[in-house]
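Notes for the one structure printed next.
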Amino acid sequence: MSTFQNCIDGAWVDAATGDTFTSTNPADTTDTIGTFPASGAADVDRAVAAARAALPDWRATPAPQRGTILRRIGDLLTERKAALAQAMTREMGKTVAETKGDVQEAIDTAYYAASETRRLFGHTVPSELPDKFNMAIRRPVGVCGIITAWNFPVAVPTWKIFPALAAGNTMVYKPSEESPHCGVLLVEILHDAGVPDGVINLVHGGGPAGQHLVAHDDVDAISFTGSSETGKAIGEVCGRTNKRVSLEMGGKNPMIVMDDADLDLALEGVLWGAFGTTGQRCTATSRLILHEAIHDTFVDMLTEAAQALTLGDGRTDGIDVGPLINEGALQKVQHYVAVGQEEGATLALGGSRVTGDGRDNGFFFAPTVFTDVTPAMTIAQEEIFGPVLSVFKVSSYEEAVDVANNTRYGLSSSIYTENVRHSFRAMHDLEAGITYVNGPTIGAEAHMPFGGVKETGNGHRDGGWTVFDFFTEWKTVYVDFSGELQKAQMDNVDD
Ligand code: NAD
């Protein structure tokens, strides 16, 4: 069995206690990937100290030079894309086509962040006094804690790590305990590309390692992606310790299909949105809102097509849907299927674990469709994070929007319609950070802001130009070249 380590100040090391945990393949639990350090406070302390020590030099490195390293990271990700995708699928299950897309997003993010190092624009603004120059410039925030989920094990950490590097921050990265090998492979690439020792430190482990990082006095900011429950707990600690915090959390994303929609296009979209990554995406389509005029036809099309999806090891050609991540996820999905039935929804497809044909040691679950779902039902409200789609029937655009907005989450949303008025109204009416018109609820691009409203987010965005506002502090600078003491609000105003 392979043994993997933390990376602190450029050195690969075990946890101080020597404790470890194991990562296994969710498609075949007899396939063990390796052991990883179960880190505790002492390991986090060492990693934070290394990041703090590396900060002055990295901050002082001209941003375009940091950009050169980011471009090399993009090049190495490109070279290793195929091998990385295989390793990712082995560890977290989604198909290789999807893990290749995950790596591509990281590549795009690397080149985008590299290009931003030649911008990182500030502002110059006229002064209210003569012979005085006003400007606002960006400075790095400092030492950042990066805590991420496992479902986009390369793309999501890079949404945070690359802009943080571009802006001159140092960091401690704690990947999910479900995808630690992906974390190792990513940090190896960063070092091979020339990121100096101590600028990025890797600490493995679960919730306790994350908790130490969040509570640490010498960490300036936390950027988190994960569940709303964990995010809220992190937000509380960051509030008490006065840390800047970005929270990207759960979703319960609606797709509306109107009576004038292109149904074949909508069908392709919902299959990809609901069952891609086995429904384990923050942006997964988990609620399908159908206009009554096309409801029955579309449900027939959907159940027939979803039934034909092939489940298996995502590294095998022809597989559409991989496994759930672990036993707990399997139990959680089974629980929600039972609750859906108890509360009166109709199980139109799936609803059970899939075994046989080499799938006995994996966490496979059939694509599942519930019809006759009403907004008050548990399966209409809670994030299931599995291949379970709830279908609602509505009689108007207004009712569709009411159902779509009837959730505590607000990440992604979608409407299929040929009606330009409904398209443009939906952009404003849907309470979500992202709206797709005639596309499913997934498909983020690296150079666009990504994040949500309500219980999905806390006002920040990963991705795009907006993430640089999180990873930089504004410094306001006044230069008085008048040679005199000039008093703002006094010398320039007549009483
Ligand atoms: P999770 O909240 O269980 O874990 C996320 C990370 O937080 C892991 O690294 C975990 O070890 C760490 N953690 C757990 N408890 C902690 C604590 N008390 N303090 C600090 N760190 C702690 O989430 P998960 O099961 O890994 O991922 C699934 C969730 O992530 C879903 O809700 C999904 O919607 C969400 N997600 C959101 C986005 C987004 O950008 N909005 C993207 C991907 C996933």
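Indexing begins at 1, ligand by ligand and atom by atom, following the structure's order. The structure displayed is predicted, hence computed values, not measured ones.
- M427 approaches V437 most closely through the heavy-atom pair CE-CG2, 4.3 Å.
- In the displayed structure, K332 atom NZ is contacted under 6.0 Å by more than 12 heavy atoms of other residues, nucleotides or ligands.
- Of the candidates L186, L190, D192, I73 forms a side chain to side chain contact (heavy atoms under 4.5 Å, CB included) with just one, namely L190.
- A salt bridge links E455 and K232; the closest N-O separation between the charged side-chain nitrogens and carboxylate oxygens is under 4.0 Å.
- Near S227, with a cut-off below 4.0 Å to any heavy atom, the atoms of ligand 1 are 1 (P), 2 (O), 23 (O), 29 (C), 30 (O), 32 (O).
- A salt bridge is defined here as a Lys NZ or Arg NE, NH1 or NH2 lying under 4.0 Å from an Asp or Glu carboxylate O, and D469 with R138 meets this definition.
- For atom 6 (C) of ligand 1, the closest heavy atom belonging to the protein is T148 O, 3.4 Å.
- For ligand 1, the polar-atom distance check finds no N/O of N151 at less than 3.5 Å from any of the ligand's N/O atoms.
- Distance from atom 15 (N) of ligand 1 to its nearest protein heavy atom, with residue and atom name: T230 CG2, 3.4 Å.
- Close contacts between ligand 1 and T225 involve ligand atoms 5 (C), 36 (N), 37 (C), 38 (C), 39 (C), 40 (O), 42 (C), 43 (C), 44 (C) [criterion: under 4.0 Å to a heavy atom].
- Looking only at heavy atoms of the protein, atom 27 (O) of ligand 1 is closest to A149 CB, 3.3 Å.
- Less than 4.0 angstrom separates some heavy atom of G210 from each of these atoms of ligand 1: 19 (N), 20 (C), 21 (N).
- For F450, no nitrogen or oxygen atom sits less than 3.5 Å from a nitrogen or oxygen atom of ligand 1, counting backbone and side chain alike.
- Atom 9 (O) of ligand 1 is approached by the protein to below 4.0 angstrom, counting heavy atoms only.
- In terms of protein heavy-atom proximity, atom 36 (N) of ligand 1 is closest to C282 CB, 3.5 Å.
- Counting only heavy atoms of the protein, atom 26 (O) of ligand 1 lies nearest to W150 CD1, 3.2 Å.
- For D102, the salt bridge (charged side-chain N to carboxylate O under 4.0 Å, His left out) test picks out K94, with sequence neighbours left out.
- One finds a salt bridge joining R408 and E229 here, because a Lys/Arg side-chain nitrogen approaches an Asp/Glu carboxylate oxygen to under 4.0 Å.
- A salt bridge is absent between E248 and K160; no separation between the charged side-chain nitrogens and carboxylate oxygens falls under 4.0 Å.
- Nearest protein heavy-atom neighbour of atom 35 (C) of ligand 1: G226 O, 3.2 Å.
- Nearest to atom 12 (C) of ligand 1 among the protein's heavy atoms is I147 CG2, 3.7 Å.
- The side-chain contact (heavy atoms from CB on, under 4.5 Å) test applied to N361 returns D28, T29, T30, not counting sequence neighbours.
- For S23 and E178, the side-chain atoms include no donor-acceptor pair closer than 3.5 Å.
- Ligand-side atoms of ligand 1 in range of S176: 9 (O), range being under 4.0 angstrom from any heavy atom.
- In this structure, the protein non-hydrogen atom closest to atom 41 (N) of ligand 1 is M249 O, 2.8 Å.
- Atom numbering of ligand 1 starts at 1 in the shown order; those under 4.0 Å from a heavy atom of Q211 are 17 (C), 18 (N), 19 (N), 20 (C).
- R66 CZ: more than 12 foreign heavy atoms inside a 6.0 Å radius.
- Between E383 and ligand 1, a contact under 3.5 Å exists for at least one N or O pair.
- Taking only nitrogen or oxygen atoms, main chain and side chain alike, T456 does not reach within less than 3.5 Å of ligand 1.
- Distance check, rounded to the nearest 0.5 Å: CZ of R315 to CZ of R90 gives 6.5 Å.
- The closest approach between any non-hydrogen atom of F385 and ligand 1 is below 4.0 Å.
- Of all the heavy atoms of E177, the ones lying under 4.0 Å from any atom of ligand 1 belong exclusively to the side chain.
- Close approach to F224 involves these atoms of ligand 1, each under 4.0 Å from a residue heavy atom: 2 (O), 5 (C), 6 (C), 7 (O).
- Note on ligand 1: G206 sits in its first shell, one or more heavy atoms being nearer than 4.0 Å.
- When all heavy atoms of L247 and N458 are compared, the closest pair comes out as N-OD1, 3.0 Å.
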